[in-house]
Amino acid sequence: MNKKLAAALSGGAVLVLTLSGCSSDDNSDKVNAWAKKVCDQVQPQLQKIANANAAIQQQTADNSKPADVQKTDSAAFQQISQAYKALGAAVDSAGAPPVDGGETTQKEAVKELNASSAAYANLQKKVDALNTKDQAKFADGLKGIADELNKIGTSGDEALKKLQSGEVGAAMAKQEGCQKPTASVPPNTAPSKPTSPSASPSKKS
């Protein structure tokens, strides 16, 4: 029942993570300093998004109760909405990146992050309003929410892509705080998978 929603969320909730690893090694100290300022604030929010995504992924069993799915999805959307709002505040407080057109790019990125926050808050309201007593209607409602999630993920992130390209994108990609986090939600229903040593990146102390 919740599988389409989980698939849509995994594609749409991580648009902030599409950092281009440009091979420009001559980033100025100012650009690197700006990227560090943003990424240090970004990491906790990316973690929240990853955890919310994982929580929805866990409620994808066909026998999941509508009320449980509703509760999980509502909490996840609220968490993602708050995370995007905080991401917008982080980019806003960092000021314009010290590159050509930096101020315009920054303002557009903040606008998009705030719009994403509002979109997820709206999805939370829609999930809360679903009829959990009628499984067929509930499933239809989830399908509609999944369709909206896909729209959020595929539109409106042009400014973010611009922010994460070129010199600024290369500087951000180097920051540990802007790397994709691993969800820390304990798997309740999903079977545990053995982790291969080669798949675990070595952590810098």
Side-chain angles (χ1 to χ4, degrees), residues 8-54 76-124 149-185 199-205:
L9 182 60
S10 64
V14 291
L15 54 92
V16 181
L17 299 170
T18 55
L19 292 170
S20 56
C22 302
S23 57
S24 172
D25 293 324
D26 57 349
N27 290 319
S28 68
D29 290 339
K30 285 184 179 179
V31 174
N32 283 324
W34 183 90
K36 186 177 190 313
K37 188 175 181 181
V38 172
C39 292
D40 284 351
Q41 297 180 70
V42 161
Q43 185 60 29
Q45 308 313 322
L46 296 186
Q47 188 67 60
K48 284 180 185 177
I49 292 172
N51 291 351
N53 190 356
F77 288 146
Q78 181 181 33
Q79 196 165 322
I80 294 170
S81 173
Q82 292 171 346
Y84 272 112
K85 189 172 183 180
L87 287 170
V91 175
D92 189 37
S93 67
V99 293
D100 291 341
E103 187 175 350
T104 300
T105 301
Q106 177 218 16
K107 285 181 179 177
E108 288 299 314
V110 170
K111 184 179 175 183
E112 283 180 4
L113 287 164
N114 287 335
S116 291
S117 173
Y120 279 103
N122 186 50
L123 286 181
Q124 183 194 7
L149 257 179
N150 278 321
K151 289 177 188 174
I152 295 173
T154 55
S155 64
D157 61 344
E158 288 305 310
L160 284 171
K161 287 178 182 174
K162 190 172 181 183
L163 181 70
Q164 296 166 169
S165 64
E167 194 177 12
V168 173
M172 289 175 76
K174 290 177 183 176
Q175 296 295 327
E176 192 174 340
C178 278
Q179 302 306 313
K180 186 175 180 177
T182 303
S184 60
V185 175
S200 304
S202 57
K203 230 179 180 182
K204 291 180 183 175
S205 53

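The analysis underlying the following values was restricted to heavy atoms, covering all of them including side chains, and did not include hydrogens, waters or symmetry mates.
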Seminar exercise, completed: Heavy atoms of Val38 and Met172 approach each other most closely as CG1-CE, 4.3 Å
Seminar exercise, completed: Smallest heavy-atom separation, Ile80 atom then Ala52 atom, equals CG1-CB, 3.7 Å
For this session: Kindly write out the residues that satisfy salt bridge (Lys or Arg N to Asp or Glu O under 4.0 Å) with Lys111, not counting sequence neighbours, or none if the list is empty.
Result: none
Exercise. Going by the angle between their ring planes, with limits at 30° and 60°, are Tyr120 and Phe77 parallel, tilted or perpendicular?
Worked result: tilted
Pairs of donor and acceptor atoms involving the side chains of residues 87-100, under 3.5 Å and at least two apart or interchain, shall be tabulated with distances.
unit_1: Ser93; atom_1: OG; unit_2: Ala89; atom_2: O; d: 3.1
unit_1: Ser93; atom_1: OG; unit_2: Ala90; atom_2: O; d: 3.1

Exercise. With no hydrogens and no angle check, is any side-chain donor or acceptor of Gln175 less than 3.5 Å from a backbone partner on Ala35?
Worked result: no
For this session: Verify side chain to side chain contact (heavy atoms under 4.5 Å, CB included) between Lys85 and Ser116, making sure each step is shown before the conclusion.
Result: CA-CA 8 Å; Lys85 189 172 183 180; Ser116 291; over 6 Å; no
Problem set entry | Spacing of Lys174 atom NZ and Cys39 atom SG [to the nearest 0.5 Å] | 12.0 Å
Seminar exercise, completed: Sorted by chain and number, sequence neighbours left out, salt bridge (Lys or Arg N to Asp or Glu O under 4.0 Å) with Lys37 holds for none
For this session: Enter the distance from Gln124:CD to Gln78:CD here, rounded to the nearest 0.5 Å.
Result: 4.5 Å
Seminar exercise, completed: Heavy-atom nearest pair, Gly177 first then Val42, reads O-CG1, 3.9 Å
Problem set entry | Taking every non-hydrogen atom, the tightest pair across Cys178 and Gln43 | N-OE1, 4.1 Å
Exercise. Step by step, would you call Asn114 with Tyr84 a side chain to side chain contact (heavy atoms under 4.5 Å, CB included)?
Worked result: CA-CA 6 Å; Asn114 287 335; Tyr84 272 112; over 6 Å; no
Problem set entry | Intermediate values then yes/no, side chain to side chain contact (heavy atoms under 4.5 Å, CB included), Ile49 and Gln45 | CA-CA 6 Å; Ile49 292 172; Gln45 308 313 322; 5.5 Å; no
Problem set entry | Glu176 side, atom CD; Lys36 side, atom NZ - distance, nearest 0.5 Å | 10.0 Å
